[in-house]
Amino acid sequence: MLQVPYIRENKDLIIARLKVRNMDATDTLNKIIEADKNRRETQQKLDDVLASSNAKAKEIGILFKQGKGAEANELKQETSQLKATSKTLQETFNTYSDEVKQLLYLVPNVPHESVPEGKSDADNVEIFSEGALPTLHADAQPHWELTKKYDLIDFELGVKITGAGFPVYTGKGARIQRALAGFFLDQATEKGYREVQPPLLINEASGYGTGQLPDKEGQMYHSPVDDLYLIPTAEVPVTNMYRDVIVKTEDLPIKNTAYSQCFRREAGSYGSDVRGLNRLHQFDKVEIVQITHPSKSMAALDEMVEYVKTLLQKLELPFRIVRLCGGDLGFTSVLTYDFEVYSAAQEKWLEVSSISNFETFQANRLKCRYRDENNKPQLVHTLNGSALAFPRILAALLENNQTPEGIKIPKELAKYTGFDIIK
RNA sequence: GGAGAAUUGGCAGAGUGGUCGAAUGCACUAGUCUUGAAAACUAGCGUACCGCAAGGUACCGAGAGUUCGAAUCUCUCAUUCUCCGCCA
């Protein structure tokens, strides 16, 4: 979330930038500033009362030691008055604090100046594309037919065991999944990311830390008995490793990568969007996460984009990069680039990666800081990106590389699958 | 799952109702000394909020309570360790 002093000093700028998100934040920001003002005034009063109350308590202690019990008891009378006052003030203070906090949860991150205006994904701006769109033979099939034909995935079996959106990968299908994990992790490690294997369940505090809670509650699976959530992305546990941490400045940038299953309820999705591998409740993904010095985060974002490019090049998939418009930009993000691969049989662009800079928005909630040149704690910047999400990569690989002889596996990936064609 | 013990500053570790934000040691930072280093000595060394500042307030696992006053007493929860049970 945003910091109150920042809001106080940059109100007009924030309002202007949030217009890109098609949002008028004027009212909320004014309320925040007002509630914060009340909060601070109340704290001033409260601190004064507590100060004199503390002083009197100290005096009483000294008097008792000197054996002046009568005088001490007299002072006690005075303090009970102060006590009542401080209690009321404390309650008022809490009310204002909560009000500020609740209002802050409503304000999304301030988009970068390069974020274009727009209502939906249709208004995202393509900034790069590479690779020729494949021309398929006459009876080419979409991936949900191919997976059946070559026994790679059993969707119906998943429905039986769990429900829709939980496919069972079989034979070479399962092998490709394992190959993708190995390939992506090796690539990331080579690029300086440390591999971590995080928990797949997270507690409430972690949900708040990265911004899934409070507003995106319905997106995650929740186990009420233990009050734990299944992760929608490894971003959550991996970023939360640095919650309440003051990192060593010389350790920046901190780069972690994790392969994990991801779980998303995806309530309300339907139609061709969810066909086959296009949208699942459980899927695999390798995530890259960076924690950087504030002056370095935009360069880190570019670096991550360049890195993901190399992955798609090695997989020989045609792709494009779009800069998300204000209407499509995530709540916590300042700037996001999406990667889309072309899935030839569906004749569709499928989102396979989303790379974002959150600047201090998550760090503020996480309380993740470094020490500046004056040794004062300052918020870090956090970034993350998919590198990459498996299902749509798999869909594109299958559809684009299908031939009458079988499905060809790109050379780089074949090193990991152990086969270069699926027959 | 059952029983017991514990949880204090970067680490170790005192503190069991009063001037304790917290002894001491180690680590760390700066200085003195030294040709340099080590050692020794001196000083500094948590976080957040309020305040122009002086300064104030809060925090000793978390939350509630008792008290004029809580690191210290009570309750609830969490975590860690030991023993028993169970089990990849």
Side-chain angles (χ1 to χ4, degrees), chain A residues 1-9 32-104 197-209 213 223-229 237 240-252 254 261 360-380:
Chain A
M1 63 187 131
L2 300 180
Q3 297 169 90
V4 177
Y6 176 74
I7 293 176
R8 223 187 292 148
E9 285 157 30
I32 289 171
I33 290 168
E34 178 66 19
D36 176 63
K37 189 170 161 242
N38 292 333
R39 197 199 99 241
R40 284 182 296 150
E41 282 172 6
T42 311
Q43 181 178 348
Q44 195 76 260
K45 290 183 203 158
L46 175 63
D47 284 359
D48 286 346
V49 174
L50 287 174
S52 64
S53 171
N54 286 344
K56 286 208 164 71
K58 227 170 234 182
E59 250 181 86
I60 291 170
I62 293 168
L63 287 174
F64 270 125
K65 257 191 185 156
Q66 294 171 341
K68 299 175 182 167
E71 287 175 48
N73 281 317
E74 226 169 275
L75 261 184
K76 274 199 200 176
Q77 303 296 318
E78 292 179 39
T79 45
S80 48
Q81 177 68 33
L82 288 173
K83 206 182 164 189
T85 316
S86 73
K87 199 173 175 189
T88 317
L89 283 169
Q90 184 70 60
E91 279 161 11
T92 312
F93 177 80
N94 290 345
T95 307
Y96 286 131
S97 288
D98 283 351
E99 192 183 341
V100 172
K101 206 165 119 191
Q102 292 309 319
L103 288 164
L104 281 174
Q197 195 174 67
L200 304 182
L201 286 149
I202 50 126
N203 58 29
E204 196 178 39
S206 294
Y208 275 95
L213 297 174
S223 165
V225 189
D226 302 294
D227 201 18
L228 296 172
Y229 298 84
N240 270 282
M241 297 194 302
Y242 299 92
R243 174 151 50 84
D244 295 320
V245 171
I246 299 180
V247 299
K248 289 198 185 119
T249 307
E250 62 265 30
D251 289 346
L252 298 176
I254 295 169
Q261 277 69 44
T360 59
F361 198 85
Q362 288 183 331
N364 189 215
R365 290 197 190 182
L366 293 162
K367 300 258 176 310
C368 179
R369 292 160 294 170
Y370 72 102
R371 290 185 190 276
D372 66 13
E373 51 284 353
N374 301 317
N375 218 33
K376 277 196 62 178
Q378 303 285 354
L379 295 174
V380 298

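Just so it is clear, the values below take in all heavy atoms, side chains as well, and ignore hydrogens, waters and symmetry mates. Chain letters run A, B, ... following the sequence lines, proteins first and then strands; every chain starts at 1.
In this entry the distance linking CG of A:Asp47 with C1' of B:rG55 reads 11 Å, nearest Å. The separation between A:Asn38 atom CG and B:rC50 atom P is 14 Å, rounded to whole Å. In this structure, A:Leu82 places its CG atom 10 Å from P of B:rG69, rounding to the nearest Å. Taking atom CD on A:Glu204 and atom C1' on B:rG63, their separation rounds to 14 Å, with Å as the unit. B:rG51 atom P lies 14 Å from atom NZ of A:Lys45, rounded to whole Å. Atom-to-atom, CG of A:Leu366 to P of B:rA48 comes out at 15 Å; the value is rounded to the nearest Å. Taking atom CD on A:Gln90 and atom P on B:rG63, their separation rounds to 12 Å, with Å as the unit. One can place CD of A:Glu41 at 17 Å from C1' of B:rU57, the figure rounded to the nearest angstrom.
Under 3.5 Å, the side chains of A:Asn94 and A:Gln90 contain a donor-acceptor pair of N or O atoms.
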RNA chain B in dot-bracket, Watson-Crick or G-U pairs under 3.5 Å, [ ] crossing, | other strand? ((((((((.[[[..)..(.....]]].(((((.......))))).(((((....))))).[[[[[..)....]]]]])))))))....

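Across the C1' atoms, B:rG44 and B:rC83 are found 47 Å apart, a figure rounded to whole Å. On the C1' atoms, B:rC68 is 12 Å away from B:rG17, given to the nearest whole Å. Rounded to whole Å, the separation between the P atoms of B:rA38 and B:rC33 comes to 15 Å. Nucleotides B:rA14 and B:rA40 place their P atoms 24 Å apart, quoted to the nearest Å. B:rG1 and B:rU57: their P atoms are spaced 44 Å apart (whole Å). Comparing the same atom, P, in B:rA62 and in B:rU24 gives a spacing of 24 Å after rounding to whole Å. Nucleotides B:rG25 and B:rG63 have their P atoms positioned 32 Å apart, rounded to a whole Å. If you take atom C1' in B:rG61 and the same atom in B:rU32, they sit 42 Å apart, rounded to whole Å.
Side chain of A:Lys83, nearest nucleotide from B:rG51, B:rG18, B:rU67: B:rU67. Here the nucleotide nearest the side chain of A:Pro377, chosen from B:rC50, B:rU47, B:rA58, is B:rU47. Closest approach to the A:Lys58 side chain among B:rU19, B:rU57, B:rG18 is made by B:rU19 (side chain taken as heavy atoms from C-beta onward). Here the side chain of A:Ala51 is nearest to one of B:rG56, B:rG18, B:rC49, namely B:rG56. Closest approach to the A:Lys76 side chain among B:rG56, B:rC68, B:rU47 is made by B:rC68 (side chain taken as heavy atoms from C-beta onward). Comparing B:rG69, B:rC49, B:rU19 by their nearest atom to the side chain of A:Ile62 picks out B:rU19.
Between the A:Ser97 side chain and the A:Phe93 main chain, a donor and an acceptor come within less than 3.5 Å of each other. No donor-acceptor distance shorter than 3.5 angstrom exists from the side chain of A:Ser223 to the backbone of A:Leu228, with no hydrogens or angles considered.
Two residues, A:Phe64 and A:Pro5, neighbour RNA chain B, and the one matched to the more 5' nucleotide by heavy-atom proximity is A:Phe64. Nearer to the 5' terminus of RNA chain B, by closest-nucleotide assignment, is the contact made by A:Lys376 (compared with the other of A:Thr79 and A:Lys376).
The side chain of A:Arg369 contributes an N or O atom lying less than 4.0 Å from OP1 or OP2 of B:rA48. Taking side-chain N and O atoms only, A:Asn54 has no distance below 4.0 Å to OP1 or OP2 of B:rG56. OP1 or OP2 of B:rG51 has at least one side-chain nitrogen or oxygen of A:Arg40 nearer than 4.0 Å. Side-chain nitrogen and oxygen atoms of A:Arg39 include none within less than 4.0 Å of the OP1 or OP2 phosphate oxygen of B:rC49.
Heavy atoms of A:Ile60 sit under 4.0 angstrom from at least one base atom.
A side-chain contact (heavy atoms from CB on, under 4.5 Å) with A:Thr92 holds for exactly one of A:Leu46, A:Thr42, A:Asn38; it is A:Thr42. Test A:Glu41, A:Arg39, A:Lys101 against A:Tyr96 for side-chain contact (heavy atoms from CB on, under 4.5 Å) and you get one pass: A:Arg39. The one candidate from A:Ile246, A:Val247, A:Ile254 that meets the side-chain contact (heavy atoms from CB on, under 4.5 Å) condition with A:Val380 is A:Val247.
In this structure, the side chain to side chain contact (heavy atoms under 4.5 Å, CB included) partners of A:Ile62, at least two apart in sequence or on a different chain, are A:Gln66.
Looking only at side-chain heavy atoms (C-beta outward), A:Asn54 and A:Lys58 stay at 4.5 Å or farther from each other. Contact annotation: the side chain of A:Asp227 never approaches that of A:Asn203 to less than 4.5 Å [non-hydrogen atoms, C-beta and beyond].
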